[in-house]
Amino acid sequence: LKGYHMWLQYQPIKDKQYKKAIAPFLKNIRSVENSPVLSNAMEELAMGIKGMFNIEVNYNLSTEEGIVIGTTDILEKELGRDVKSSLHEESKEAFEIIKDEKKLFIIGNSVQGALYGAHHFLRSLQLKKTIDQLEIISSPKNDFRMLNQWDNFDGTVERGYSGNSIFFKNDQIVQNKSRIKDYARFLSSVGINAISINNVNVWEKETFLITKKHLAEVKKIAAIFRGYGIKLYLSINFASPMAIDQLASADPLDENVKKWWKDKAKEIYQEIPDFGGFVVKADSEHRPGPFFYNRNHADGANMLAEAVADFGGKIIWRCFVYNCLQDWRDRSTDRARAAYDHFKPLDGDFLDNVILQIKNGPMDFQVREPVSPLIGAMQSTNQLIEFQVAQEYTGQQKDLCYLIPQWKEVLSFDTYHKGEGSTIEEVVAGNIHPYKYSGIVAVSNIGDDENWTGNTLAQANLYGYGRLIWNPSLTSEQIAEEWIIQTFGEEKIVRETILDMLLKSWPTYEKYTAPLGVGWMINPGHHYGPNIDGYEYAAWGTYHFADRDGIGVDRTEKTGTGYAAQYQIENQRFFEDLDTCPENLLLFFHHLPYKYTLKSGKSIIQHIYDTHFEGYREVEELIELWNKVEAYVEETTFNNVADRLSMQLANAKEWRDQINTYFYRKSGIKDEKGRTIY
Ligand code: BDP
């Protein structure tokens, strides 16, 4: 079925003239060196060319025409002046495509680079770029371009909305790994170069992934990914020495514990010499960590970092650490403050193969949050920003929510850490502080559903994530258009309609859910659908403080939780001042009366009513739009999206009615437009 092939459909190109112009280059392919990565690149080229041009490629390129693929060093030696590429300055993973009469050279600074070049080439053909437009130099902006799977050993996926795991089933690693290979193809096609395959919450069974019992199978998965330039990481349980070998403690300063991890690292690297390292969620939401032994996060991370250092391994240490047992009555413990409060004082204490992984916002992947003040605030500690491709709080792949615009907004935020221009984009690319390692990581949204992502349109988020972090200057529109053409073809009405749907979807979702940056108001536990007070009086601490007079959280320094002071002064002022605070974050930073007037001239309460009616109406419009493409989209995919949209409509209605009713009853203020609110 089409959904399975995501954006690598390689649909036949109908334009005869285009075919005629390109075909001569496509008959032969030759690789100038042997490597599994290049073999995969050739296989992909052959598959793509067959699909789009119906040409069976020939592998012995003795003729004058065709594609030559390889790495800079070898190609240059072999072909002399022909391929004097300018890649030497660029990243290891950069590539260049050069045209030389009847030959096309796809050159990488490494075999991975060449593979990315092959994918770029195929994508360009599907997008019908002319031969001249094919020439390009491309280098990734970020060195780390990673995905985290939240897959459990029993085959379930934490926050998975697309079926079960493609890695694990019934407490085993899956035997048939063909789907993993296809996943690797998709990921490499958008430049992903690292993956962790098990949930950051490492439960009892997953703890044993790093033991003899499973390493042989893990090794096979690592080999598949290696063939596509992707490094394998595992999430580990900080208390592994106790759980696996009954050590008395997991204290990071205990010599026995240190030795245990060193031996463990050796064992893993013997099997997988290029193993990436460990992803660690410690002292967070009941997972064990160094706090238990009165040690800090640097003690914990460094102990592991020492164990893997000799092998070139890395420790990716998550900063999603907060007190999930805090008492709602204690307003001094603002969850938004937690990551910064915990980690900022440790700047400089981490070894240089430790990288902190920080969620994009200070809370937890809400539809809108300010950017985490921790990102860029540590000059001497490597950092990765974490996004969530999985739509946990943004509609769970039932509701449509194209997230690239959200991530672009985050990346463009100016931290002012080194004066103006210290954007998140530059911070995580390692251009503001001298980070040894940095980049971007995200929670994946795939599972074993036929179409990988539950809602077929959610494939755009996975595609876009990869494309964006390779080249953050791409616009949301460009990325969406590329994805649509590769997935659905180039029919004008399809392109325009789906583009329109994608670009509207995030604002629409925001309108019918929680207002003005306050976030949450979601059902506790599974996180779908409205429950305004669901978390309000709970320990997990995500409050909106709505009462009869007003709503929002005062996070200013003078009268509130002081969170705003975690930013550089420019941003602190910007958020604290009601005149400059962006209205879509107003209630994140301020507690305000319902009658407070927004810039639109509307009161907060009227804004809440209006946006909820609008949001619902816009979902109806999404449905109307989708119906326009029925004749052009394969039936299964059409029905899949249509079904999801009808669930979305029901969801939007619930949100609209519950939110509006709640605030009407709390405030006693009527809707000016006299619509029915209960
Ligand atoms: C939250 C999820 C939870 C994850 C946690 C995390 O609700 O399932 O375990 O984040 O990132 O968003 O560790």
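For ligands, and for the atoms within them, numbers begin at 1 and follow the listed sequence.
- Using a 30° and 60° split on the angle between ring planes, F575 and F413 fall in the parallel class, below 30°.
- Within the 4.5 Å cutoff, the side chain of Q658 has no heavy atoms near those of the Y662 side chain.
- Outside the 6.0 Å centre-distance limit, the rings of F208 and H214 are not counted as a close aromatic pair.
- With contacts defined as side-chain heavy-atom distances shorter than 4.5 Å, the pair V443/R159 does not qualify.
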In a simple table, one pair per line, please give the protein and ligand 1 atom names for every N or O pair closer than 3.5 Å, along with the distance.
unit_1, atom_1, unit_2, atom_2, d
ligand 1, 7 (O), R159, NE, 3.1
ligand 1, 7 (O), R159, NH2, 3.0
ligand 1, 7 (O), E392, OE2, 2.5
ligand 1, 8 (O), E158, OE2, 2.3
ligand 1, 8 (O), R159, NE, 2.9
ligand 1, 8 (O), R159, NH2, 3.4
ligand 1, 9 (O), E158, OE2, 3.1
ligand 1, 9 (O), N201, ND2, 2.8
ligand 1, 9 (O), K281, NZ, 3.0
ligand 1, 10 (O), K359, NZ, 2.9
ligand 1, 11 (O), R318, NH1, 3.4
ligand 1, 11 (O), R318, NH2, 2.7
ligand 1, 11 (O), K359, NZ, 2.7
ligand 1, 12 (O), D364, OD1, 2.8
ligand 1, 12 (O), D364, OD2, 2.6
ligand 1, 12 (O), E392, OE1, 3.0
ligand 1, 13 (O), K281, NZ, 2.6
ligand 1, 13 (O), R318, NH1, 2.8

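- Of the residues R656, E654, M521, the one that meets the side-chain contact (heavy atoms from CB on, under 4.5 Å) test with P530 is E654.
- Within the 4.5 Å cutoff, the side chain of M146 has heavy atoms near those of the S196 side chain.
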